[in-house]
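Heads up, the thing below is written out as structure tokens.
Remember, it's 1-based here, ligands and their atoms both numbered in the order they're listed.
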Amino acid sequence: MSLLEIDSYRLAFDGFEGTATVLDGIDLRVEEGESVGIVGETGCGKSVLARSLLRLNPSPPARVLGGAIRFAGDDVLAMGPTALDTLRRGGIGMVFQDPATYLNPVFTIGQQMAEVLRAHAGATGRRPGARAFRARSIALLRQVQLPEPESLLFRYPHTLSGGMRQRVLIAMALAGEPRLLVADEPTTALDVTVQRQVLDLIVELIAGMRLTLLLVTHDLGVVGAVCRRVVVMYAGCVVEDAPADRIFLSPQHPYTRGLLAAVPDLEQPDHHPVGIPGSIPNLRTPPAGCRFHPRCPLAMPICRERRPEQEEVAPSHRVACHAVMH
Ligand SMILES: Nc1ncnc2c1ncn2[C@@H]1O[C@H](COP(=O)(O)OP(=O)(O)OP(=O)(O)O)[C@@H](O)[C@H]1O
Ligand SMILES: [Mg+2]
């Protein structure tokens, strides 16, 4: 059994202008201890997928059309409120893109950490006192390498730098001792040098705590630095899933190749990045067959008619593409 198993998961958003199927048959496995990156252009459904693991997409307008999500063997889509609460507070820790949004400006870091810890304790039935919360908060802030955690507890979010705030959010995500850490663009809002430090921290944490990591990003450089396996998404579908080195050295799906070709190579000044022609489809009226076919240089008649299934092209390397398989 894998820690996380997603099978044929489909999710749509209903709106005045119609229904958009933003996740269209996601198949994904994450093994305990793995670090997996999810990449793809803006709007391809990375965040919606990440939120789906904790059923955080607001419903309505979100509507599950089918499929299954299992975490540690438990059926996430069938969970009642108590089980879901336990999952959110313990099993899966979540770090989001914009640290400013997820910290409340009117409470100190200490108050917000205590609130998170109180919720976790509530979920496990424990009743620790204020002193225990304080000690645990300090330990968590130290774990994310924040200096002077004792005095940090008395500060308000706006007095912290973006990098520090992101570390606080990572500490909060770790508070419930999760088995899976889901980080959705955890460094996008940070400047480049701070990005590096936060990524290094995540790498150290997952190694030290033997955490499983699901990292969502549109930055292939970030994925290469952190993840062992990469899942490439396009318009709500997984098009390629492979060990990171294979994604970089031997990408198979035309979309993955396009993504890689679009990355500027600083070590080769002669290299001119080329974009992928066309734009991501309207998910209310997606192309039939393979959703990538209108932009695909290898498109064949079958690509317009039949959706390609994921198939193994090498060990642990799966691709959903008619052209690659023919
Ligand atoms: N609450 C919502 N209501 C309606 N549509 C939504 C909602 N949340 C997301 N969507 C739609 O779902 C699709 C996927 O969005 P998502 O945020 O997952 O993209 P993403 O891959 O994370 O992009 P980015 O790289 O910009 O973060 C988009 O078309 C988006 O407009
Ligand atoms: Mg996103």
Side-chain angles (χ1 to χ4, degrees), residues 4 6 9-28 30 36-67 69 76-77 92-102 162 166 169-170 173 181-190 195 198-199 202 213-224 226-227 230-241 247 253 255-256 258-260 262-263 275-276 278-287 291-292 294-295 320:
L4 177 67
I6 305 178
Y9 181 69
R10 299 179 74 226
L11 182 109
F13 285 106
D14 293 317
F16 291 119
E17 291 168 5
T19 296
T21 313
V22 299
L23 296 177
D24 193 27
I26 301 289
D27 288 310
L28 179 64
V30 178
V36 177
I38 299 186
V39 299
E41 278 167 292
T42 179
C44 71
K46 304 180 295 294
S47 297
V48 172
L49 180 61
R51 287 200 292 269
S52 292
L53 307 181
L54 287 178
R55 300 220 327 246
L56 289 175
N57 292 298
S59 171
R63 186 158 51 93
V64 177
L65 301 178
I69 300 180
V76 174
L77 301 182
I92 302 179
M94 193 77 78
V95 182
F96 296 97
Q97 177 166 349
D98 182 5
T101 318
Y102 291 92
Q166 194 55 287
L169 283 182
I170 295 173
L181 183 68
V182 180
D184 186 359
E185 308 270 9
T187 60
T188 310
L190 308 175
Q195 257 185 24
V198 171
L199 285 178
I202 290 176
L213 175 71
L214 195 60
L215 178 72
V216 173
T217 177
H218 59 265
D219 185 336
L220 282 160
V222 166
V223 157
V226 178
C227 298
V230 180
V231 172
V232 183
M233 282 181 68
Y234 181 77
C237 305
V238 172
V239 295
E240 188 156 5
D241 178 339
I247 286 283
H253 198 285
Y255 177 65
T256 314
L259 268 188
L260 287 163
V263 178
I276 303 172
S279 54
I280 45 174
N282 180 339
L283 298 178
R284 285 191 298 275
T285 51
R291 287 185 165 189
F292 186 58
R295 299 172 76 185

Have a look at ligand 1 and work out which part of [X], if any, has a heavy atom under 4.0 Å from it: side chain, backbone, both or neither.
X    : value
E185 : side chain
S47  : both
R284 : neither
T42  : both

How about T42: does one of its N, O or S atoms come closer than 2.8 Å to the Mg ion (ligand 2)?
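No, since none of the N, O or S atoms of T42 sits under 2.8 Å from the Mg ion (ligand 2).
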
How far is [atom] from its nearest protein heavy atom, and which residue and atom is that?
atom                    : result
atom 13 (C) of ligand 1 : V22 CG1, 3.6 Å
atom 14 (C) of ligand 1 : G43 O, 3.4 Å
atom 25 (O) of ligand 1 : K46 NZ, 2.7 Å
atom 10 (N) of ligand 1 : F13 CE1, 3.5 Å

Relative to the heavy atoms of R51, which atoms of ligand 1 are at a distance of less than 4.0 Å?
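Going through ligand 1 atom by atom, the ones under 4.0 Å from R51 are 8 (N).
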
Among D219, V216, V48, whose heavy atom sits nearest atom 16 (P) of ligand 1?
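Of the listed residues, V48 has the closest heavy atom.
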
For G40 and ligand 1, answer yes if some heavy atom of the residue is under 4.0 Å from a ligand atom, otherwise no.
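No, G40 has no heavy atom closer than 4.0 Å to ligand 1.
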
Aromatic plane relationship, F292 with H253 - under 30° parallel, 30 to 60° tilted, over 60° perpendicular:
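Taking F292 first and then H253, their aromatic rings sit tilted (interplane angle of 30° to 60°).
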
Hey, does the side chain of [X] reach the backbone of [Y] with a donor-acceptor pair shorter than 3.5 angstrom?
X    : Y    : value
N57  : V48  : yes
R291 : P286 : no
K46  : M233 : no

For a 4.5 angstrom cut-off between non-hydrogen side-chain atoms, does D27 reach V238?
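A side-chain contact is absent here, since even the closest heavy-atom pair is not under 4.5 Å.
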
Just wondering, do I69 and L53 contact through their side chains at under 4.5 Å, heavy atoms?
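Contact flag for L53/I69 side chains = yes.
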
Return yes or no for this condition: an N or O of G45 is under 3.5 Å from an N or O of ligand 1.
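Yes, at least one N or O pair falls under 3.5 Å.
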
Determine if the distance from atom 7 (C) of ligand 1 to the closest protein heavy atom is below 4.0 Å.
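Yes, there is a protein heavy atom closer to it than 4.0 Å.
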
Exercise: do E240 and Y255 side chains pair donor with acceptor under 3.5 Å:
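No pair is found: no donor N or O on one side chain lies under 3.5 Å from an acceptor on the other.
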
